[in-house]
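Following: one structure in structure tokens, then a few remarks.
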Amino acid sequence: MTSTQAEIDRSVLGTLSVLAWIGDPSEGHDIPYLLAYTLGDGPQGQKASEEAARGLLEEIGLPIGDVVMDGTRSPRTFAVQILLAGNQIALTLPGLNATCTAPDEWVAAANESGQAYFLFATRPWAEAVPGRPVSAEVLQAFAGDEEVLTSSAHCVITVQSLQQ
């Protein structure tokens with residue numbers, strides 16, 4: 001007997017957003033971070049968006065919690081891909097794509113290390129609407145929240161660049 005897992009209805013996620021930042025370089029933390037999150041504005045509301053995000057991560061094999069996956073070992077076949085062209089980041093996951101503009105310091109850190117720390121938050125973040133600036137304090141309150149961190153998928157992934 002075989003069983004198949006139903007594919008997650010990605011429309012339930014709502015708007016998928018991406019935000020790039022680096023750790024504090026004055027403290028030696030110039031790691032490029034990339035955070036993916038939903039606004040929770042899917043047709044069935046925030047709770048359904050969160051459940052869909054959890055289902056998506058399970059479907060693509062990214063564990064939620066304190067495990068950090070190393071996607072740099074097989075960057076071409078890993079479920080999460082980052083492509084950097086100038087200051088534009090294209091994030092690709094199975095069945096999903098999102099883009100954002102990276103600050104210059106993120107681009108420099110990513111080019112130097114060749115990788116980024118990626119988080120996919122299952123908890124919706126309705127306040128961080130694309131196109132509106134997010135202050136360092138607001139970002140820290142969300143991305144540094146223990147509940148957000150323990151309910152997120154974490155991985156280190158290779159930052160691929162377009163050949164010019």
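- In this structure, the separation between CG on L13 and CG on L96 is 6.0 Å, given to the nearest 0.5 Å.
- Looking only at side-chain heavy atoms (C-beta outward), D104 and N87 come within less than 4.5 Å of each other.
- Remark: R54 pairs with no residue by the salt bridge (charged side-chain N to carboxylate O under 4.0 Å, His left out) rule, at least two apart or across chains.
- With hydrogens and angles left out, the side-chain atoms of Q160 and R76 include a donor and acceptor closer than 3.5 Å.
- In plain terms, the two heavy atoms of I22 and P32 that are nearest each other are CG2-CA, 3.9 Å.
- Contact between A116 and W106 at its shortest, heavy atoms only, is CB-CZ2, 3.9 Å.
- To the nearest 0.5 angstrom, T92 atom OG1 is 9.5 Å from I82 atom CD1.
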| Run the side chain to side chain contact (heavy atoms under 4.5 Å, CB included) check on W21 and E105 step by step: do they pass? | CA-CA 8 Å; W21 81 97; E105 54 273 8; over 6 Å; no
| query | What's the verdict on side chain to side chain contact (heavy atoms under 4.5 Å, CB included) for I89 and T101, showing C-alpha distance, side-chain angles and the deciding distance? | reply | CA-CA 6 Å; I89 299 171; T101 302; over 6 Å; no
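- Side-chain N or O atoms of Q88 include none that pairs as donor or acceptor with a backbone N or O of A102 at under 3.5 Å.
- Clustering ILVMFWY residues whenever any of their side-chain heavy atoms sit less than 4.5 angstrom apart, transitively, puts V68 in the very cluster that holds I31.
- Residues T72 and I157 have side chains not in contact (no heavy-atom distance under 4.5 Å, counting atoms from C-beta outward).
- The backbone N or O of T77 lies less than 3.5 Å from no partner atom in the side chain of S74, so there is not a single donor-acceptor pair.
- Contact annotation: the side chain of P130 approaches that of L39 to within less than 4.5 Å [non-hydrogen atoms, C-beta and beyond].
- Applying the ring pair (Phe, Tyr, Trp, His ring centres under 6.0 Å) test to F78 and every residue at least two apart in sequence or in another chain returns nothing.
- Across all their heavy atoms, A128 and S17 have their closest contact at O-OG, 4.5 Å.
- Rounding to the nearest 0.5 angstrom, the gap separating the CD atom in Q115 from the OG atom in S113 is 5.0 Å.
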Taking only distance into account, with no hydrogens and no angle test, what donor-acceptor pairs under 3.5 Å do side-chain atoms of residues 144-151 form with protein atoms, sequence neighbours excluded?
from : atom 1 : to   : atom 2 : distance (Å)
D145 : OD1    : E147 : N      : 2.8
D145 : OD1    : V148 : N      : 3.1
T150 : OG1    : E146 : O      : 3.0
T150 : OG1    : E147 : O      : 3.4
S151 : OG     : E147 : O      : 2.7
S151 : OG     : V148 : O      : 3.3

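- Ring geometry for H154 versus Y117: interplanar angle over 60°, hence perpendicular rather than tilted (30 to 60°).
- For the pair L57 and T122, the minimum side-chain heavy-atom distance is below 4.5 Å.
- Residues passing the salt bridge (charged side-chain N to carboxylate O under 4.0 Å, His left out) test with D70, sequence neighbours excluded: R73.
- Contact of the Y33 side chain with the L35 side chain is not registered, since no non-hydrogen atoms from C-beta on lie closer than 4.5 Å.
- S152 contributes no side-chain N or O that, together with a main-chain N or O of I64, makes up a donor-acceptor pair within less than 3.5 Å.
- Pairing each heavy atom of I60 with each of P94, the nearest pair is CG2-CG, 3.5 Å.
- For D66, there are no side-chain hydrogen bond (donor to acceptor under 3.5 Å, both in side chains) partners, not counting sequence neighbours.
- Contact annotation: the side chain of V159 never approaches that of F118 to less than 4.5 Å [non-hydrogen atoms, C-beta and beyond].
- Side-chain contact check for F120 versus L62: every heavy-atom pair is 4.5 Å or farther apart.
- Taking all atoms of both residues into account, the shortest heavy-atom contact from L34 to C100 is CD1-SG, 4.1 Å.
- Between the CG atom in N97 and the CG atom in L16 there is a gap of 9.0 Å [rounded to 0.5 Å].
- The minimum heavy-atom distance linking V12 with A48 is given by the pair CG1-O, 3.5 Å.
- The side-chain heavy atoms of L139 and L19, taken from C-beta on, include a pair separated by under 4.5 Å.
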| request: Applying side chain to side chain contact (heavy atoms under 4.5 Å, CB included), run through V80 and L91 and close with a yes or a no. | output: CA-CA 7 Å; V80 181; L91 171 68; 3.6 Å; yes
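- Listed by first and then second residue, the side-chain hydrogen bond (donor to acceptor under 3.5 Å, both in side chains) pairs that reach into residues 36-46 are T15-D41, sequence neighbours excluded.
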